[in-house]
Amino acid sequence: MGNTSVRGSWGSRLGFIFAVAGSAVGLANIWRFPYLVGKHGGAAFILVYLLSLFLIGFPVFIAEILIGRSTQSNPSGAFEKLGRTKSWGWAGKLTVLTGFIVSSFYSAVAGWILGYFFEAVKGNLSNFNSVEAVSQHHTSLMQNPFWGVSFHLVFILFCSAVLYLGVRGGIERWNKFLMPLLFAVLIILVIKALTLSNAQEGLRFLFEPDWTLITPTVLLTALGQAFFTLSIGQGTIVTYGSYLPKNENIVKSCFPILLIDTFVSILAAMIIFMIAFSAGVEPDAGPALLFHTLPWVLSQIPGGYIMSILFFLIVVLAALTSEISAMEPTIAYLIDEKGWKRHGAVLACGFGAFLLGIPSALSYSVLKDVSFFGLSFVDRLESICTHLLIPAGGFFAIMLLSWRWGVLKAISELELGSYEFFVRYPWIRTYFWFCFKYTAPILMIIVFVNSLMFLL
Ligand code: PHE
C-alpha cells in the first residue's frame with residue numbers, strides 16, 4: 001500500500017472540472033433524464049430532482065471528494081485509512097468492484113450507440129418510411145453478435161488508450177477536448193431544434209408541472225437519477241478526488257460540475273421533446289427512445305440527417321468520458337494497493353471490462369432468449385448496480401464520513417484551500433455541516449433500506 005510516487009494528479013482546476021463533469025455527464029443525462037421528466041410531471045419532477053441533488057446528491061458527492069482528497073488513495077485504501085478497520089476497506093473495495101461492473105455494461109451499451117453513430121453518418125437513420133422499417137433495422141443490427149461486440153471492443157480500446165496516457169496526459173487532456181466539443185454540439189442541436197415546427201409545444205409539455213404524478217416511487221427515482229448522474233457510489237468520485245491537491249478550493253471547483261451536469265440534462269430534455277413533438281410523437285423510455293423513436297422522427301423532419309449525426313455524436317462523447325471515469329477506480333486500486341504499473345493496470349482493467357461486457361453486448365443476439373430473473377443480462381447487471389450496489393456505495397461513503405471520520409474533521413478537510421472562502425460565505429459551511437450530519441445520512445438510510453427490499 002502507499003505506492004504514492006506513481007499516483008497521478010490533476011494539472012489545473014479547469015482540467016479537474018472537465019474531467020469530473022465528463023464523468024457526470026453521460027447516458028443518464030441524455031438518455032434517461034428527458035424521459036423521466038416527460039413521464040413524471042415535467043417541471044414538478046425537475047424540482048424534486050433539484051431538491052434531491054441539493055439535499056443528498058451534492059453532499060454525498062462532496063463527501064466522496066473529501067474521502068479521496070484527504071487520503072490521496074484509491075477507494076479501498078481511502079475507506080480503510082479513514083475507517084481504520086479492514087471491514088471499511090472492504091466497503092471501499094465493493095465500490096471499486098461496482099465501478100468495474102458498470103464499466104463493463106456501460107461500454108457494451110455505448111458500443112451500440114457508437115454503431116448507431118456510424119449508421120447516422122451513412123444516412124441509414126434518417127430515411128425510414130415506416131415505423132416497422134425502423135424496428136426491422138434495429139433488430140437486424142442488434143441480432144448481429146459481431147456488430148455489438150466489435151463496437152464494444154472499439155469503444156473500450158479508445159477509453160483504455162486515453163487511460164494509458166495517465167491522469168494528466170490522458171484523462172485530463174482528453175476531457176478538456178471532448179467536453180467543450182460536446183457543449184458546442186449540444187448548443188447547435190438546441191438552436192436547430194428550436195427552429196422546428198411545434199418545438200414550443202414540446203417545451204410547454206416538458207415544463208408544465210403536474211404535481212399529481214409525484215409519488216413516493218417517483219421521489220426515489222429522482223434520488224436514484226441524482227446518484228447515477230453524479231457518478232457517486234462507485235469509486236469514481238473518490239478516485240478523481242484523490243488526484244486533487246490539498247490547497248484546492250473544493251466547493252469552488254465542484255459547484256460548476258453540478259451546474260454543468262444539471263444544465264446538460266435539461267438541455268437534452270429540451271432537444272428530445274422539441275424533436276419528438278415536431279413529428280407529433282411522445283418520447284419513449286430507454287432503448288426505444290434512442291433506437292426507435294428518434295430515427296423515426298428524424299426521418300420525418302427537415303435536417304434529420306445532420307441532426308441524427310449530431311445527436312448520436314453527443315451521446316457517444318458523453319459516454320466516452322463517463323466510461324473512462326468508471327474504469328479509473330480499478331486502475332487506481334491496482335496501482336495503489338497491488339503496486340502495479342499504470343500501463344499493466346490499464347491493460348488488465350480494459351481486458352477485464354471487455355470480457356465481462358461481452359455477455360452484455362450479446363444480450364439481444366446470442367443471449368436474447370436467456371433470462372436472468374426476468375431480465376436480459378445487460379438489464380439485470382444495470383438493475384443490480386443502480387438499485388443495489390450504487391446506493392450501497394453511497395451509503396457506505398456517507399456513513400464513513402459521518403460516523404467514523406467525523407463531520408467536524410471532514411469540514412476541516414473541506415476548509416483546506418478554501419478557508420477565506422468560508423469566512424466570506426459561512427452559510428456554505430453550515431449547509432455542508434447540516435447535510436453531513438442529518439439530511440444525507442437519513443435520506444441515504446431510506447434509499448439503502450429501499451434498495452435492500454429490491455433483494456427480497
Ligand atoms: N454519470 C454517468 C452518467 O450519467 C454514469 C457513470 C457511471 C459515470 C459510472 C461514471 C461511473 O451516465
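Index from 1, following the sequence. Ligands are counted one by one from 1 in listed order, and the atoms in each one are counted from 1 as well. Note that the structure is a prediction, hence the values are computed from the model and not measured.
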Using a 4.0 Å heavy-atom threshold (strictly under), name the region of Ala24 that reaches ligand 1: side chain, backbone, both or neither.
backbone

Could you identify the single nearest non-hydrogen protein atom to atom 10 (C) of ligand 1 and state the distance to 0.1 Å?
Ser325 OG, 3.2 Å

Interfacing atoms of ligand 1 (cut-off 4.0 Å, heavy-atom, Asn29):
4 (O)

For Ser23 and Ser322 the tightest heavy-atom approach is O-OG, 2.9 Å

For Leu27, counting its heavy atoms only, list the atoms of ligand 1 lying under 4.0 Å from any of them.
3 (C), 12 (O)

N/O of Phe228 under 3.5 Å from N/O of ligand 1, yes or no?
yes

Evaluate the ring planes of Trp147 and Phe151, with Trp represented by its six-membered ring, and classify them as parallel (under 30°), tilted (30 to 60°) or perpendicular (over 60°).
perpendicular

Between the side chains of Arg7 and Glu328, is the shortest nitrogen-to-carboxylate-oxygen separation below 4.0 Å, so that they form an ion pair?
no

Think Lys93 forms a cation-pi with Trp90, using NZ or CZ under 6.0 Å from the six-ring centre and within 45 degrees of its axis?
yes

Quick one: do Arg69 and Glu413 make a salt bridge, cutoff under 4.0 Å?
yes

So, is Ala28 polar-close to ligand 1, with some N/O to N/O distance under 3.5 Å?
yes

Does the N or O separation between Thr229 and ligand 1 drop below 3.5 Å for any pair?
yes

Close-contact set for ligand 1 against Val102 heavy atoms, below 4.0 Å
7 (C), 9 (C)

Of the non-hydrogen atoms in Ala222 and Ser52, which two are nearest, and what is the gap between them?
CB-OG, 3.8 Å

Tell me whether Tyr106 has any N or O atom under 3.5 angstrom from an N or O of ligand 1.
yes

Distance from atom 8 (C) of ligand 1 to nearest protein heavy atom, with residue and atom:
Ser231 OG, 3.2 Å

Which atom of Leu230 lies closest to which atom of Ala24, heavy atoms considered:
CA-CB, 4.4 Å

Within-cut-off N or O pair, Ser23 and ligand 1, under 3.5 Å:
yes

When you measure from atom 9 (C) of ligand 1 to every protein heavy atom, which one gives the shortest distance, and what is it?
Gln234 OE1, 3.0 Å

Value rounded to 0.5 Å, distance of CG in Leu290 from CZ in Arg32
14.5 Å

